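Below is one structure, written out as structure tokens, with a few remarks after it.
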Amino acid sequence: EHPSYPPPTQHRINTKGVDPPAPAFEFEQLKDRYTIPPQVFNNLSKNGYRSPTSIQAAGIPVLLESRDLVAISPTGTGKTLAYLLPLFARLVCPIHQSQDESVGKGVRAIVVAPTRELAHQIYNECLKLAEGRKWRISLFSKATASTLAQKDVRDKMDIIVTTPLRLVAAAQEGKVELDNVRYLVLDEADRLLDTEFLDQTQEIVASCSHTRLQKAIFSATLPAGVEKVSMDMLQDPIRLVVGLKDT
Ligand code: ADP
Ligand code: MG
């Protein structure tokens, strides 16, 4: 509990895990506590985001402190921004890695979503938040599969938004290397970790082989069986559940 920051009244946030960081109930608090690229910060208000939702208030600090996260929060509560804001901050300021030559080379962040439509929405959100920065953001889809054959395209990706199958196929064909990925998000994880996609999702997680890979799992619901699978994928995670107060 963090009595100094009363949470938005309509939600309650249940937090589990070792030593969770205090929530930030204003975006300004994030700027004071963490390094956020100024363009990205300014794009928040440009896009009409005045203050964080509950999952953003609790989740963004967890991710900015390089922790693994399971975040369960209802549809429409702003889960996308909860993982994208830290994604962009972590690209600029990889904690613990200032001596690391490999920073800045190859794909460093991946967002996986179960459908094309959702991947497309997330990609659009990325473009809005990244405006003014030069990150190279790729949406993997059927349409882009052929351009991946070109080596110069392949070498110019910082961030990939993808469905599971597209990424697995590209990796199997040697068209994308995942060993420098530091930030992996599974969005709508109830579907990604269900039977239809589980093998592909696990293959992606295994292929992101960097020792400092940070993982975030987001969903509106997480059935017990699926939650076990997700916890097994994570190291020392924080688990956040946002629910309505009266339920
Ligand atoms: P979820 O993934 O939890 O279903 P989304 O990330 O799709 O939710 O966000 C739902 C809507 O809320 C989107 O239109 C998004 O732009 C908007 N939104 C997200 N965060 C905020 C915020 N902090 N302030 C205002 N609107 C927000
Ligand atoms: Mg969503």
Side-chain angles (χ1 to χ4, degrees), residues 63 68-69 79-80 83-84 86-88 90-92 94 97 100-130 133-219 226 229-230 232-235:
L63 292 172
D68 280 2
L69 174 67
K79 292 190 288 295
T80 318
Y83 61 74
L84 286 185
L87 183 155
F88 291 121
R90 300 280 279 108
L91 284 189
V92 177
Q97 298 168 4
D100 189 338
E101 296 274 329
S102 62
V103 168
K105 292 182 187 153
V107 179
R108 281 164 297 150
I110 293 182
V111 181
V112 186
T115 68
R116 250 190 323 187
E117 293 72 21
L118 184 61
H120 204 136
Q121 282 172 28
I122 295 164
Y123 175 73
N124 285 337
E125 192 72 24
C126 281
L127 295 184
K128 284 199 244 170
L129 278 172
R133 302 285 309 203
K134 289 187 173 155
W135 292 305
R136 298 152 307 182
I137 307 167
S138 295
L139 174 64
F140 274 24
S141 65
K142 266 207 175 102
T144 60
S146 61
T147 61
L148 279 180
Q150 303 160 22
K151 193 175 182 317
D152 60 322
V153 173
R154 273 187 255 162
D155 291 342
K156 287 183 180 150
M157 296 184 290
D158 298 308
I159 302 158
I160 295 172
V161 182
T162 184
T163 56
L165 184 59
R166 284 294 140 206
L167 184 60
V168 167
Q172 279 173 352
E173 292 164 20
K175 288 176 178 166
V176 60
E177 278 171 22
L178 302 180
D179 48 319
N180 205 20
V181 174
R182 309 302 173 88
Y183 192 95
L184 175 66
V185 180
L186 306 180
D187 196 359
E188 305 213 347
D190 54 339
R191 292 197 55 195
L192 293 177
L193 299 172
D194 199 0
T195 37
E196 185 187 359
F197 292 117
L198 182 60
D199 287 351
Q200 290 166 14
T201 302
Q202 281 183 325
E203 193 169 333
I204 290 166
V205 173
S207 302
C208 294
S209 56
H210 199 280
T211 48
R212 293 206 191 97
L213 176 69
Q214 181 184 7
K215 302 184 207 84
I217 289 179
F218 279 78
S219 198
V226 174
V229 174
S230 62
D232 288 347
M233 287 180 169
L234 305 179
Q235 270 190 322

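What you are looking at is a predicted structure, and each value in this text was computed from that prediction instead of being measured.
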Compile the donor-acceptor pairs under 3.5 Å between side chains in residues 190-205 and protein atoms, sequence neighbours left out, one pair per line.
{"from": "Asp190", "atom 1": "OD1", "to": "Ser219", "atom 2": "OG", "distance (Å)": "3.1"}
{"from": "Asp190", "atom 1": "OD2", "to": "Thr221", "atom 2": "OG1", "distance (Å)": "3.3"}
{"from": "Gln200", "atom 1": "OE1", "to": "Leu165", "atom 2": "N", "distance (Å)": "3.3"}
{"from": "Thr201", "atom 1": "OG1", "to": "Leu192", "atom 2": "O", "distance (Å)": "2.8"}
{"from": "Thr201", "atom 1": "OG1", "to": "Phe197", "atom 2": "O", "distance (Å)": "3.0"}
{"from": "Glu203", "atom 1": "OE2", "to": "Gln172", "atom 2": "NE2", "distance (Å)": "3.2"}

Exercise for review: Go through the steps to decide whether Gln214 and Arg182 satisfy the test side-chain hydrogen bond (donor to acceptor under 3.5 Å, both in side chains), and finish with yes or no.
Suggested key: CA-CA 6 Å; Gln214 181 184 7; Arg182 309 302 173 88; over 6 Å; no
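- Nearest heavy atom pair, residue Ala113 against residue Pro164, reads O-CD, 3.3 Å.
- Ser230 pairs by the side-chain hydrogen bond (donor to acceptor under 3.5 Å, both in side chains) definition with nothing, not counting sequence neighbours.
- Taking CD1 of Ile160 as the start and CD1 of Ile110 as the end, the distance is 4.5 Å to the nearest 0.5 Å.
- Scanning all heavy atoms of the two residues, the minimum distance from Tyr183 to Leu213 falls at N-CD1, 3.8 Å.
- Within a 6.0 Å radius of CD in Glu117, other residues, nucleotides and ligands contribute more than 12 heavy atoms.
- Closest approach of Gln235 and Asp68 over heavy atoms only: N-OD2, 2.8 Å.
- Thr80 pairs by the side-chain contact (heavy atoms from CB on, under 4.5 Å) definition with Tyr83, Leu84, Ile122, Glu125, not counting sequence neighbours.
- Heavy-atom contacts from other residues, nucleotides or ligands closer than 6.0 Å to CZ of Arg116 number 12 or fewer.
- The CZ atom of Arg136 sits 9.5 Å away from the CD1 atom of Ile159 when rounded to the nearest 0.5 Å.
- For the atom pair CZ of Arg166 and CG of Leu139, the computed distance is 11.0 Å after rounding to the nearest 0.5 Å.
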Exercise for review: Would you check, one step at a time, whether the test side-chain contact (heavy atoms from CB on, under 4.5 Å) holds for Phe88 with Cys126?
Suggested key: CA-CA 9 Å; Phe88 291 121; Cys126 281; 4.1 Å; yes
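- Within the 4.5 Å cutoff, the side chain of Arg90 has no heavy atoms near those of the Leu63 side chain.
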Exercise for review: Before giving the answer on side-chain contact (heavy atoms from CB on, under 4.5 Å), spell out for Val161 and Phe140 the whole-Å C-alpha distance, their side-chain angles and the decisive distance to 0.1 Å.
Suggested key: CA-CA 6 Å; Val161 182; Phe140 274 24; over 6 Å; no
Practice item. Please test Val181 against His210 for side-chain contact (heavy atoms from CB on, under 4.5 Å), starting from the C-alpha separation and ending with a verdict. Key: CA-CA 6 Å; Val181 174; His210 199 280; over 6 Å; no
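- In this structure, Arg108 CZ and Leu87 CG are separated by 9.5 Å, a value rounded to the nearest 0.5 Å.
- Here the shortest heavy-atom pairing between Leu91 and Ala109 reads CD2-CB, 4.3 Å.
- Side chain of Asp158 to backbone of Val107: no donor-acceptor contact under 3.5 angstrom is found.
- No side-chain heavy atom of His120 sits less than 4.5 Å from a side-chain heavy atom of Thr115.
- Glu173 approaches Lys175 most closely through the heavy-atom pair OE1-NZ, 2.8 Å.
- The minimum heavy-atom distance between Thr162 and Leu167, with the atom names listed, is OG1-N, 3.4 Å.
- In this structure the side chain of Leu69 never reaches within 4.5 angstrom of the side chain of Ile217, judged on heavy atoms.
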Practice item. For side-chain contact (heavy atoms from CB on, under 4.5 Å), just list the numbers for Val112 and Val185, CA-CA rounded to whole Å, side-chain angles, deciding distance to a tenth of an Å, and then say yes or no. Key: CA-CA 6 Å; Val112 186; Val185 180; over 6 Å; no
